[in-house]
Q: 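One structure, pasted below without further comment.
Lettering of chains follows the sequences in order, A, B, ..., and the numbering in each one begins at 1. Atom set for the values below is all heavy atoms of this structure, side chains included, hydrogens, waters and symmetry mates excluded. What you are looking at is a predicted structure, and each value in this text was computed from that prediction instead of being measured.
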2 protein chains.
Amino acid sequence: MIKILIVDDEKPINDLIEMNLSEAGYNCTCVYDGISACDILEVERFDLVLLDIMLPGANGYEVLDYIKPLNIPVIFLTAKGSTEDKVKGLKLGADDYLTKPFEIVELLARVESILRRAGKTQTEIIVDDIIIDTRSRSVRRGNREIALTMKEFELLLLFARNKNIALFRETLYENVWGSDFMGDSRTVDLHVQRLRKKLHWEDKIKAIYKVGYRLEV
Amino acid sequence: MIKILIVDDEKPINDLIEMNLSEAGYNCTCVYDGISACDILEVERFDLVLLDIMLPGANGYEVLDYIKPLNIPVIFLTAKGSTEDKVKGLKLGADDYLTKPFEIVELLARVESILRRAGKTQTEIIVDDIIIDTRSRSVRRGNREIALTMKEFELLLLFARNKNIALFRETLYENVWGSDFMGDSRTVDLHVQRLRKKLHWEDKIKAIYKVGYRLEV
DNA sequence: CAGCTATGTATCTGTATTGTATCATAAAAT
DNA sequence: ATTTTATGATACAATACAGATACATAGCTG
C-alpha cells in the first residue's frame, strides 16, 4: 500500500486531496502544520509528501529541508504561480509542484508520475478477469492486450474505481471529459458502447434507465 | 437525526429542497440570507449546509469563510456552471457543487455522497427482507436482484424512508415525479401496483382510502 | 499533404418505461 | 341494501431512452 502524507493547513483542500487519492487507492495521512509533518515523518514511512508552502509553524521550505535526507519525493503545493517560488522549491529538492487551484485529474497525474519516477507506482487494478495497468495505461485479459483509446481507458478506470455503483451520466462526463456541461449529447453512451464491445462486457456494464451506467462485478 | 441547513434567498427553491430532504428523513432548517445563516450556526449544530452563492447581505463565499472553522461540510448551490466558480468554491472549502436548476434525485445523491464521506450515513436501507442500496441503485431480496425502473425505485425509496407512515398521493407524486401538479391522474396508483407486484408486497403496501398508501412493516 | 485514428454528432430503430383508458371489484356513505 | 366513490386489474398507446450504424471533424503521423 502506497502511503502519502498531505501537509496543508487548509483543511478543505486537505480533505479534497485526501478523498481523491484515497479513492485512487492510496493510503493518506493529513497533517496541518510543518511541525506535525516532521513529527510523523520521524516515525512513519511515506512514499510521497504533498507539501504546502505557506504553513503555520515551520514553513514549507523548512519542512523540505527536513525531508530531504529521508529521500522521500515531494510535491509542492503553491497558491501563487510565481516562478520565483517554483524555482526556489525545485532548487531545494521538490520533485514537482502544483499550483492551486488545481484540477484533480492533474493532481492524480502528477502523483502517479512522481511515484513512477520513484519506482513505486501502484499499477494494477483488477476487475473481473481484466487487469488495468495505470502506469502503462494498458489493459489486459490474461496476457492478451486490449487496445483502448484515451477516453475509453479513463472511462474504464472510473468504472473500475466505482464497481457496483450507479454512475450518473453527468458524473461520467465530468470525470472523463472534465467539463460539467454535457447538454443532451450522447457522447457518454457511445463511449460506453465502444468500451463494452472491446471488453466483451455487453452485460457487465449495465445501463440504468434515466440514470447512467453501472459496472457489475 | 441528521440536520441540514439550507441557505437560499429564493423561498420556492428553499421550500422545494426542504420538502424533499425532509421526506428523505433529514431534519431541515431554512434561512434566507447569509447573516441569519451565521447566526443560527452560532447556536445550533448542523451536519451539512446547502449554500447559495448569490445571497443578500453576506455572499456565499463569506458565509463559507465563516463555516470553515466549524468543520461542517458544505454543498454550494449556484446558477453558474463555470469551472472557475466551481474551483473557487471547492478551494474555499465547499465539498460539492450543484448547479441550478437541479434534479431532486441528483440533490439527494450528492447529499448522501457528502454525508457518506463524512461517515454520517449508510448506503443500505433494509425493509423487511429487502435490501435497498442507494449507491448502486439496486434492490435485492437475499441475493436475488429485483429489477426496478427509475420511478419504481424512487417510489420504493420513499416508502422505505417512511415506513408505517401514510403518504398522500400528492406527496408521492411530488417526490417521485418532482412536480406538484398531479390532476386526477392515476399514475401513482399504477406504479404502486407495479411495485407491489415486483416485490410481492401485495399486502405490505396498503391503500388508504381517499388518502394514498402506507408501507407496513 | 495524405492517411490514419480518435472522437463526436446525427439518425434510425427496437424496446422498456411510462401514462391513459377502461372495466371490474372493493370500500365507504346514505 | 343500494348507491357512490375509490382502488385494482388489464390492455393498449405514447414516449423517452439506449443501442446500432453511418458519417463528419479534428488531430496526429509519416
Q: Only one of B:R161, B:R135, B:R137 passes salt bridge (charged side-chain N to carboxylate O under 4.0 Å, His left out) with B:E112; say which it is.
A: B:R161
Q: How close or far is atom C1' of C:dT7 from atom CE of A:M150, stated in whole angstroms?
A: 12 Å
Q: So, B:R141 side chain and B:L199 main chain: donor-acceptor pair closer than 3.5 Å or not?
A: yes
Q: Between A:H191 and C:dG8, is there a contact of a side-chain N or O with OP1 or OP2 at under 4.0 Å?
A: yes
Q: Would you mind classifying the nucleic acid contact of A:I208 as base, sugar-phosphate or nothing, using non-hydrogen atoms under 4.0 angstrom?
A: sugar-phosphate
Q: Within residues 209-217 of chain A, which residues have any heavy atom lying less than 4.0 Å from an atom of DNA chain C?
A: A:Y209
Q: Determine: side-chain N/O of A:W177 to OP1/OP2 of C:dT7, distance under 4.0 Å, yes or no.
A: no
Q: For C:dT5, does either OP1 or OP2 sit under 4.0 Å from a side-chain N or O belonging to A:T149?
A: no
Q: For B:D189 and C:dA21, give me the distance from atom CG to atom P, rounded to whole Å.
A: 14 Å
Q: With a 4.0 Å limit, can you tell me whether A:S185 has a side-chain N or O closer than that to the phosphate oxygens OP1/OP2 of C:dT9?
A: yes
Q: Could you tell me whether B:K197 contacts a base, only the sugar-phosphate backbone, or nothing, with contacts defined as non-hydrogen atoms closer than 4.0 Å?
A: sugar-phosphate
Q: Is there a donor and acceptor pair, one atom on the side chain of B:R186 and one on the base of D:dG8, closer than 3.5 Å?
A: yes
Q: D:dC17 P sits how many Å from A:F168 CZ, rounded?
A: 14 Å
Q: Sub-3.5 Å donor-acceptor pair from the side chain of B:D52 to the main-chain atoms of B:V7, do we have one?
A: no
Q: Could you check B:K206 against A:Q193 and say which one's nearest nucleotide on DNA chain D is further toward the 5' end?
A: B:K206
Q: Check ring pair (Phe, Tyr, Trp, His ring centres under 6.0 Å) between B:W201 and all other residues, then give those that pass, not counting sequence neighbours.
A: none
Q: Whether B:E124 and B:R140 form a salt bridge (side-chain N of Lys/Arg under 4.0 Å from carboxylate O of Asp/Glu) is what I want to check.
A: yes
Q: May I ask you to decide if A:E10's main-chain N or O and A:D8's side chain share a donor-acceptor pair within less than 3.5 Å?
A: yes
Q: Roughly how many Å is it from CH2 in B:W201 to P in D:dG8, rounded to a whole number?
A: 16 Å
Q: Measure from CG on B:L195 to P on C:dT18 and round the result to the nearest Å.
A: 12 Å
Q: Can you find a donor-acceptor N/O pair under 3.5 angstrom joining the side chain of B:R194 to the base of D:dG8?
A: no
Q: Grab the CG-C1' distance between B:L190 and C:dC23 for me, whole Å please.
A: 15 Å
Q: For A:A147, is there any backbone N or O sitting under 3.5 Å from a side-chain donor or acceptor partner on A:K198?
A: yes
Q: Within this structure, what is the OH-to-P distance between A:Y173 and C:dT9, rounded to whole angstrom?
A: 7 Å
Q: Find the distance B:K198:NZ to C:dA16:P and express it as a whole number of Å.
A: 11 Å
